[in-house]
Amino acid sequence: MTDIIQPLRGTRDFYPEDQAVISWLYENMRQVSESFGYQEFDGPFLEPIELYAAKSGEELVKEQAFVFEDRGRNLITLRPELTPTLARMVAQQQQHLHYPLRWWSFGPFWRYESPQKGRSREFFQWNVDLLGLDSPEADAEMAAVMAVFFQQVGLSPDQVQIMINNRRLVDAQLQKLEIPPRKQGEIFRLIDKRDKLEDAAWEAYAEEIGLTSKQLDSIKAMVEDEALWEESEELVRFFRAVEALGVGDYVQYAPHIIRGLDYYTGTVFEAQAVTADISRALLGGGRYDNLLADVGGDPLPGVGFAMGDMVLAIVLEELGLLPEGRGVTPADVLVTVFDEATLLPSYSLSAELRQAGLKVSCYPEVQKLGKQFKHAGRIGSRVATILGPDELANGMIAVKDLESRKQELVPRGEAADFIKKLLDKASSS
RNA sequence: GCGAAUGUAGCUCAAUCGGUAGAGCGCCGCACUGUGGAUGCGGUCGUUGCGGGUUCAAGUCCCGUCGUUCGCCCCA
């Protein structure tokens with residue numbers, strides 16, 4: 001036991017029941033994405049470091065990306081996010097693609113962070129992006145995709161909220177306060193910390209940045225002004241569109257939401273669990289109208305978001321919304337093996353049943369029937385078949401319903417249909 | 001990078017003041033050689049994460065180290 005090599009820090013093993021959760025999430029993400037007309041795509045998991053150096057925010061590349069030298073001495077990185085890859089892929093084919101472009105993706109990402117609740121070094125993200133539109137209605141469509149997904153997995157507006165802000169609105173407000181643009185980054189950080197720090201600590205931080213007390217008061221007022229969005233034409237249109245899309249309950253204006261990424265230019269999103277015992281965001285996203293030009297393409301507006309698997313799974317687990325009995329049925333039918341003489345005929349039977357479209361596993365060796373039935377029950381098979389000397393002689397198969405414990409002799413040729421009917425009854429009841 | 005907790009059987013955990021490492025679950029077998037989940041009985045299971053120190057004696061106390069978890073920092 002002690003000589004088992006440990007998995008790497010911050011990685012996860014996905015046992016079948018864990019993998020089933022990922023698959024289930026993936027399935028829901030696929031359904032929702034496709035219901036909005038998005039196409040699935042993916043990019044490389046390995047990328048040159050320069051792709052991120054441009055615009056992702058310094059922290060991301062310097063501190064958090066897995067970066068290493070390959071055998072050709074090139075610096076490469078395991079992708080810490082998808083958007084730069086998306087931007088490159090679009091830029092490469094920019095003339096051939098049809099806009100508006102609606103793409104989605106689900107895959108692994110890596111960030112070298114210290115693992116804790118809701119955060120590991122290897123995780124999955126659902127990415128949804130809409131390129132070629134710069135309207136607030138496009139932003140609203142993003143919010144609707146998120147909201148419909150929440151609906152789909154059973155999260156109500158009481159349990160999760162999508163917070164909205166707009167960086168252009170914040171910029172305009174800061175300009176009124178005559179705060180120099182070069183301080184913008186620090187101010188954003190300050191705003192972001194508003195509900196994380198105590199008042200005194202927050203004010204001390206503001207002073208550190210070099211804000212006058214008058215400026216500080218104005219900023220304080222700004223991040224508490226729940227009606228400020230009304231001054232933004234963009235946000236007014238956004239919220240109207242969100243209502244029209246029927247997801248208004250899930251969305252609210254949140255003046256303190258900023259998001260860390262440098263490339264966001266307009267609307268920013270962040271979803272938070274209201275009830276769950278975790279402060280981490282469920283998803284983050286926003287409008288990035290300059291990103292295509294930044295990676296060398298022609299200017300093209302875009303908006304998108306990413307949702308990680310970990311916080312989502314924690315929230316769903318806490319609320320009891322994960323599917324029951326996940327990943328427990330490898331095969332509906334177990335073909336038992338009675339003795340040496342019937343071993344090969346049993347294998348043939350399993351092949352026949354599979355041919356008929358059933359999920360079938362065959363017990364791999366001669367064993368006492370009791371043990372084989374026990375195994376069938378353990379792995380969750382619903383039906384077991386017995387092909388002993390008597391059945392073989394008469395061309396019959398004994399089919400046992402492991403739930404009702406009833407057993408019936410049926411002609412071998414009819415076994416598959418008989419089992420299918422049994423399973424249909426089982427799944428409909 | 002900083003802080004806290006924690007590490008005992010395959011799993012979940014116990015072990016009083018420092019005094020012979022235990023239980024449940026699981027697994028295997030038998031009762032029950034053509035029929036599973038129940039029940040009963042029996043069996044399997046440990047260098048107490050690792051290294052050092054204190055002590056007559058260490059799972060227990062001390063130091064170090066590694067892993068894990070939680071928090072801070074940061075956050076796409």
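Every value quoted in this text rests on a predicted model; they were computed, and no experiment measured them. Quick note on labels: first sequence line is chain A, next is B, and so on, each numbered from 1.
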Seminar exercise, completed: Between A:Asp289 and A:Gly302 the two heavy atoms that sit nearest each other are OD1-N, 3.3 Å
Problem set entry | Exercise: do A:Asp225 and A:Tyr253 side chains pair donor with acceptor under 3.5 Å | no
Seminar exercise, completed: A:Ile397 atom CD1 is separated from B:rG34 atom P, nearest whole Å, by 18 Å
Problem set entry | Residue whose closest nucleotide on RNA chain B lies nearer the 5' end, A:Leu387 versus A:Glu403 | A:Leu387
Could you list all N or O pairs between the protein and nucleotides 69-73 of chain B that sit under 3.5 Å apart?
{"from": "B:rC70", "atom 1": "OP1", "to": "A:Lys117", "atom 2": "N", "distance (Å)": "3.4"}
{"from": "B:rC70", "atom 1": "OP2", "to": "A:Lys117", "atom 2": "N", "distance (Å)": "3.0"}
{"from": "B:rG71", "atom 1": "OP2", "to": "A:Lys117", "atom 2": "N", "distance (Å)": "3.3"}
{"from": "B:rC72", "atom 1": "N4", "to": "A:Ser114", "atom 2": "OG", "distance (Å)": "3.4"}
{"from": "B:rC73", "atom 1": "N4", "to": "A:Arg119", "atom 2": "NH2", "distance (Å)": "2.7"}

Problem set entry | Nearest-Å distance for atom pair CZ/P, residues A:Phe188 and B:rC75 | 13 Å
Exercise. What is the distance, rounded to the nearest whole Å, between atom CD of A:Gln367 and atom P of B:rC32?
Worked result: 18 Å
Exercise. Nearest-Å distance, NZ (A:Lys374) to P (B:rG34)?
Worked result: 18 Å
Exercise. Can you tell me the Watson-Crick or wobble partner of B:rG40, both distances under 3.5 angstrom?
Worked result: B:rC30
Seminar exercise, completed: Rounded to whole Å, the CG-P distance (A:Asp13 to B:rU68) equals 12 Å
Exercise. When the nearest nucleotide of RNA chain B is assigned to A:Phe123 and to A:Ala398 on a heavy-atom basis, which residue is associated with the more 5' position?
Worked result: A:Ala398
For this session: Could you give the distance separating B:rG26 and B:rA21 at their P atoms, to the nearest angstrom?
Result: 27 Å
Problem set entry | Pairing nucleotide - B:rA23, Watson-Crick or G-U, each distance under 3.5 Å | B:rU12
Exercise. If we ignore angles and hydrogens, is there a donor and acceptor under 3.5 Å between the side chains of A:Gln116 and A:Arg280?
Worked result: yes
Exercise. Considering only side-chain heavy atoms of A:Arg378, which listed nucleotide, B:rU35, B:rG36, B:rC27, is closest?
Worked result: B:rC27
For this session: Tell which nucleotide pairs with B:rG7, taking only Watson-Crick or G-U wobble pairs whose two distances are both under 3.5 angstrom.
Result: B:rC66
Exercise. B:rC73 pairs with which nucleotide, Watson-Crick or G-U wobble, both distances below 3.5 Å?
Worked result: none
Problem set entry | Rounded interatomic separation in angstrom, taking NZ from A:Lys371 and C1' from B:rC30 | 13 Å
For this session: If B:rU35 has a Watson-Crick or G-U wobble mate with both distances under 3.5 Å, name it; if not, just say none.
Result: none
Exercise. Quantified in whole Å, what is the C1' atom distance between nucleotide B:rC11 and nucleotide B:rC70?
Worked result: 22 Å
Exercise. In terms of side-chain heavy atoms, does A:Trp110 have a donor or acceptor partner in A:Glu122 at a distance below 3.5 Å?
Worked result: yes
Exercise. Can a cation-pi geometry be assigned to A:Arg12 and A:Phe14, taking NZ or CZ under 6.0 Å from the six-membered ring centre and within 45° of the ring axis?
Worked result: no
For this session: Taking the six-membered ring for Trp and the full ring for Phe, Tyr or His, determine whether the centres of A:Trp126 and A:Phe106 are under 6.0 Å apart.
Result: no
Problem set entry | Rounded P spacing from B:rG40 to B:rC45 in Å | 23 Å
Exercise. A:Tyr15 has an atom OH; how far is it from atom P of B:rC11, in whole Å?
Worked result: 9 Å
Exercise. Once the angle between the rings of A:Trp103 and A:Phe41 is folded into 0 to 90°, is it parallel (under 30°), tilted (30 to 60°) or perpendicular (over 60°)?
Worked result: tilted
Exercise. Near A:Glu207 CD, under 6.0 Å, is it more than 12 heavy atoms from other residues, nucleotides or ligands?
Worked result: no
Seminar exercise, completed: Against the side chain of A:Glu391, the closest entry in B:rG34, B:rC75, B:rG36 is B:rG34
Exercise. On a whole-Å scale, what distance lies between the C1' atoms belonging to B:rC56 and B:rC50?
Worked result: 26 Å
Exercise. When rounded to the nearest Å, what value does the distance between C1' atoms of B:rG3 and B:rC13 take?
Worked result: 27 Å
Problem set entry | Stacked cation flag A:Arg259 on A:Tyr264, 6.0 angstrom / 45 deg | no
Exercise. Reckon A:Arg189 touches a base, only the sugar-phosphate, or nothing at all at heavy-atom distances under 4.0 Å?
Worked result: sugar-phosphate
Exercise. Contact class for A:Ile386 (heavy atom, under 4.0 Å): base, sugar-phosphate, or nothing?
Worked result: base
For this session: Write down the distance separating the C1' atoms in B:rU69 and B:rA23, rounded off to the nearest Å.
Result: 25 Å
Problem set entry | hbond_proxy A:Lys400 side chain to B:rU35 base (donor-acceptor, 3.5 Å cutoff) | yes
Exercise. How is A:Gln407 classified with respect to the nucleic acid when contacts are heavy atoms under 4.0 Å: base, sugar-phosphate, or nothing?
Worked result: base
For this session: Send over the distance from A:His375 NE2 to B:rC27 P, rounded to a whole Å.
Result: 12 Å
For this session: Kindly give the heavy-atom pair with the smallest separation between A:Asp134 and A:Pro301, and that separation in Å.
Result: CB-CB, 3.6 Å
Exercise. Between A:Lys368 and B:rC30, is there a side-chain N or O to OP1/OP2 distance below 4.0 Å?
Worked result: yes
For this session: Pick the P atom in B:rC74 and in B:rU6, then give their distance to the nearest Å.
Result: 28 Å
Exercise. So what does A:Phe109 touch, heavy atoms closer than 4.0 Å: a base, only the sugar-phosphate, or nothing?
Worked result: nothing
Exercise. Using purine N1 to pyrimidine N3 plus N6-O4 or O6-N4 for Watson-Crick, or N1-O2 and O6-N3 for G-U wobble, both under 3.5 Å, which nucleotide pairs with B:rU55?
Worked result: none
For this session: Pick the C1' atom in B:rU39 and in B:rU20, then give their distance to the nearest Å.
Result: 34 Å
